[in-house]
Amino acid sequence: MRITDLIVVPLAFRDPPLLNSWGVHEPLALRTIVKLVVDDSVVAWGEGSGEASVIANLARVREAVLGLNPFDLNGIERAIDAALAPCGASARDRLSTFAILEVACHDAQGKIAGVSVAELLGGRVRDSVPYSAYLFYKWAAHKDGEPDEWGAALDPDGIVAQARTMIDRYGFGSVKLKAGVFPPDVEIATMRALASAFPGLPLRIDPNGAWSVETSLRGAGELTDVLEYLEDPTLDLDDMATVAREGGLPLATNMCVTSFETVPPALQRDAVQIVLSDHHYWGGLRRSHELGRMCATFGLGLSMHSNSHLGVSLAAMTHLAAATPRLSYACDTHYPWNSADDVVVPGVLEFREGSLAVPTGPGLGVEVDEDKLEALHQVYLDSGRTVRDDTAYMRRVDPDYDPTLPRF
C-alpha cells in the first residue's frame, strides 16, 4: 500500500460576524482539505487551517510522502520533518502539517481495513459524543452585508435568545460564551442571564485571555455559583495559577497548555485543571489520544477546543472523543455556525439531544461532495484571501480597536 497522490484544496466558506478579543470574524473563513489517494483507488480526507503558511507547508511535503505507506505514521512524520526543517518551519508548524495528513491516513487505514477511526484508536467507549452550544456576541450582519439568520447578540438578552435557538435546534446540554469582548460587568451579567434562563444547565465562559488577574478574580468570585469552569481568563501561566488558587473555580485552557512540553509547568503550578485539546495542533489523533491518558494519570479534566471548521474535522473530533475514556466535558464546536457550507454529504453529522453519533462507516465514515469542494475552492481563489485577520476587519469599523491583552 502506497500513497499515490496528495491533493491540497484551500477553500473559503461563509462565517458570521462573531466577536472575540481579537476583533471579529471576517465574512469568509479559510480552511484546507487534503485528498489522500492510496494505491490509486482509496480516497481519504483530512482538514486543517487555511492559512497560507499551512498550504505552503502541505505543498512542500507532497513529494516527500508520495510512495509511503499510510500505516507508517512514524515514517510519514519523519519525511515531513525532513522536508520542512530546511525551510525554517517551526516544530509547531511541522506538527500541525503532520496532523492534517495523519487524519487522512487514519481515514485511509480505516477504509482499507474496513473499520472506523474510533476502532483504530482503541475502540469506542461511547456511541455518541456530547457537544456544547458555542455562543458569541455578534453583529446582525457583516459590514456592508445583509443580516444573517441569527441576528444581533450584543447584550445579555441577545445571547439568551441565541442560546435558546441553539438549544431548540440542536438540543445542547451545556453552553459556552466567547467573552473578552465587552466590559466584564456586561459579560458577567450575560452569564447570570443564561443561568436564570436555563436553570441547572452547565455554563462556561472564555474571556480569551482578555482579563487581568484582578478582573479574573472578580469574575470568578461573582460567577462561582454559576460556572462549570472558567476558560483562559488570562494568558500567563503564573497568573492562571493565581486565579486557580484564589478564584474558587476550575480553570480550563487551550492557550496555556498546547503541547506535551507545556503540561509539566502547568502541573507544577496547579494552574490548569482542564485541558481543551485540539488534534489540529497537538499533532493528530494518536497524540491527542495519548493526552487523554496523561490527563487521567495526573487527574486533569479533558475536553476539546474548536475553531471555525467543517465536517471532516468534526468527524475526526467525534471519533477521537468516542475513543478517549478521559473525556470529562462536552466538546466545543463551531459547526452550527458553518454547517451550511459543509463539504461533507449531509445525513451523518447530525446533532441529536446535543450529541453527535459516532459515524459507523469505515475510516471517518463521511463522504465528501467534490463538486461542493471545488465550488468553495473557487470562492477561495476569487476572494484573494490568504490569512485570517480578525483585528484588521474590526478596524474597518473601529479604526482605534486595540486587541492588546489583557483588555480589561
Side-chain angles (χ1 to χ4, degrees), residues 3 5-18 20 24-37 43-62 65 80 93 96-108 134 142 145 148-149 278-281 284-285 305-318 332-349 359 363-390 392-393:
I3 297 171
D5 203 358
L6 172 64
I7 302 166
V8 180
V9 188
L11 45 80
F13 54 91
R14 291 170 293 176
D15 208 13
L18 308 178
N20 55 54
V24 61
H25 288 207
E26 297 172 270
L28 292 174
L30 304 180
R31 207 72 176 154
T32 302
I33 298 290
V34 297
K35 179 181 180 180
L36 190 77
V37 183
V43 175
W45 304 94
E47 178 185 337
S49 166
E51 298 288 297
S53 59
V54 173
I55 296 165
N57 284 337
L58 286 167
R60 291 185 182 110
V61 305
R62 180 180 181 275
V65 302
I80 288 172
D93 289 342
S96 62
T97 303
F98 171 69
I100 299 171
L101 295 183
E102 191 247 24
V103 169
C105 285
H106 274 96
D107 190 26
Y134 202 161
H142 279 289
D148 60 43
E149 64 167 318
D278 188 325
H279 73 268
H280 300 92
Y281 58 67
L285 302 178
H305 161 261
S306 166
N307 210 323
S308 301
H309 65 86
L310 296 173
V312 175
S313 279
L314 182 61
M317 293 166 63
T318 302
D332 296 345
T333 179
H334 283 62
Y335 193 67
W337 297 108
N338 306 127
S339 60
D341 278 349
D342 197 8
V343 296
V344 167
V345 175
V348 176
L349 302 177
L364 291 174
V366 296
E367 179 185 352
V368 170
D369 181 337
E370 297 201 46
D371 290 336
K372 185 70 174 287
L373 186 69
E374 181 57 35
L376 292 182
H377 177 56
Q378 190 61 51
V379 174
Y380 171 85
L381 295 175
D382 293 342
S383 74
R385 293 271 311 288
T386 58
V387 297
R388 170 179 168 173
D389 194 338
D390 293 4
Y393 186 48

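What's counted below: heavy atoms across the whole structure, side chains too, no hydrogens, waters or symmetry copies.
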Euclidean distance, Leu314 CG relative to Ser306 OG, rounded to 0.5 Å: 8.5 Å
Please work out whether the ring planes of His334 and His309 are parallel, tilted or perpendicular, with thresholds of 30° and 60°. perpendicular
Is it the case that more than 12 heavy atoms not belonging to Glu51 sit under 6.0 Å from its CD atom? yes
Tell me the closest heavy-atom pair linking Pro10 and Ile55, and the distance in Å. CB-CD1, 3.4 Å
Working to the nearest 0.5 angstrom, can you tell me the gap between Leu11 CG and Ile33 CD1? 5.5 Å
About how many Å separate OH of Tyr380 and CG of Leu30, when rounded to the nearest 0.5 Å? 6.5 Å
Taking Asp107 for the side chain and Trp45 for the main chain, is one N or O donor matched with an acceptor at less than 3.5 Å? yes
So how far is it from Asp389 CG to His25 NE2, rounded to the nearest 0.5 Å? 12.0 Å
In this structure, CG of Asn338 is separated from CG of Asn307 (nearest 0.5 Å) by 9.0 Å
Let me confirm one number: the CG-CG distance from Leu58 to Leu101, rounded to the nearest 0.5 Å. 6.0 Å
Show your working on side-chain contact (heavy atoms from CB on, under 4.5 Å) between Leu381 and Gln378 and close with a plain yes or no. CA-CA 5 Å; Leu381 295 175; Gln378 190 61 51; 4.1 Å; yes
Report yes or no: does Glu47 contribute a side-chain atom to a donor-acceptor pair with the main-chain N or O of Ser313 at less than 3.5 Å? yes
Walk me through it: do Asn20 and Asp390 pass the test side chain to side chain donor-acceptor pair (under 3.5 Å)? CA-CA 8 Å; Asn20 55 54; Asp390 293 4; 2.9 Å; yes
Under the side-chain contact (heavy atoms from CB on, under 4.5 Å) rule, what do Val344 and Leu310 come out as? Steps first, then yes or no, please. CA-CA 8 Å; Val344 167; Leu310 296 173; over 6 Å; no
Please report the C-alpha distance between Val65 and Ile80 in whole Å, then the side-chain angles of each, then the deciding distance to 0.1 Å, and finally whether the side-chain contact (heavy atoms from CB on, under 4.5 Å) criterion is met. CA-CA 7 Å; Val65 302; Ile80 288 172; 4.2 Å; yes
Do side-chain atoms of Arg60 reach the backbone of Arg62 as a donor and acceptor pair under 3.5 angstrom? no
Between Asp341 and Arg14 (side chain of the first, backbone of the second, donor and acceptor by atom type, cut-off under 3.5 Å), is there such a pair? yes
Between the side chain of Thr32 and the main-chain N/O of Ser49, is any donor-acceptor distance below 3.5 Å? yes
Smallest heavy-atom separation, Leu349 atom then Gly311 atom, equals CD1-O, 3.4 Å
Donor-acceptor contact below 3.5 Å, side chain His106 vs main chain Glu102: yes
Taking Arg385 for its side chain and Leu28 for its backbone only, find out whether a donor-acceptor pair lies under 3.5 Å. yes
For Glu370, enumerate each residue passing the salt bridge (Lys or Arg N to Asp or Glu O under 4.0 Å) test, keeping only those at least two apart in sequence or located in another chain. Lys35
Please confirm whether the backbone N or O of Arg388 pairs with a side-chain atom of Glu26, one donor and one acceptor, at under 3.5 Å? no
Counting N and O atoms only, with roles assigned by atom type, does the side chain of Asp148 sit under 3.5 Å from a partner on the main chain of Pro16, one being a donor and the other an acceptor? no
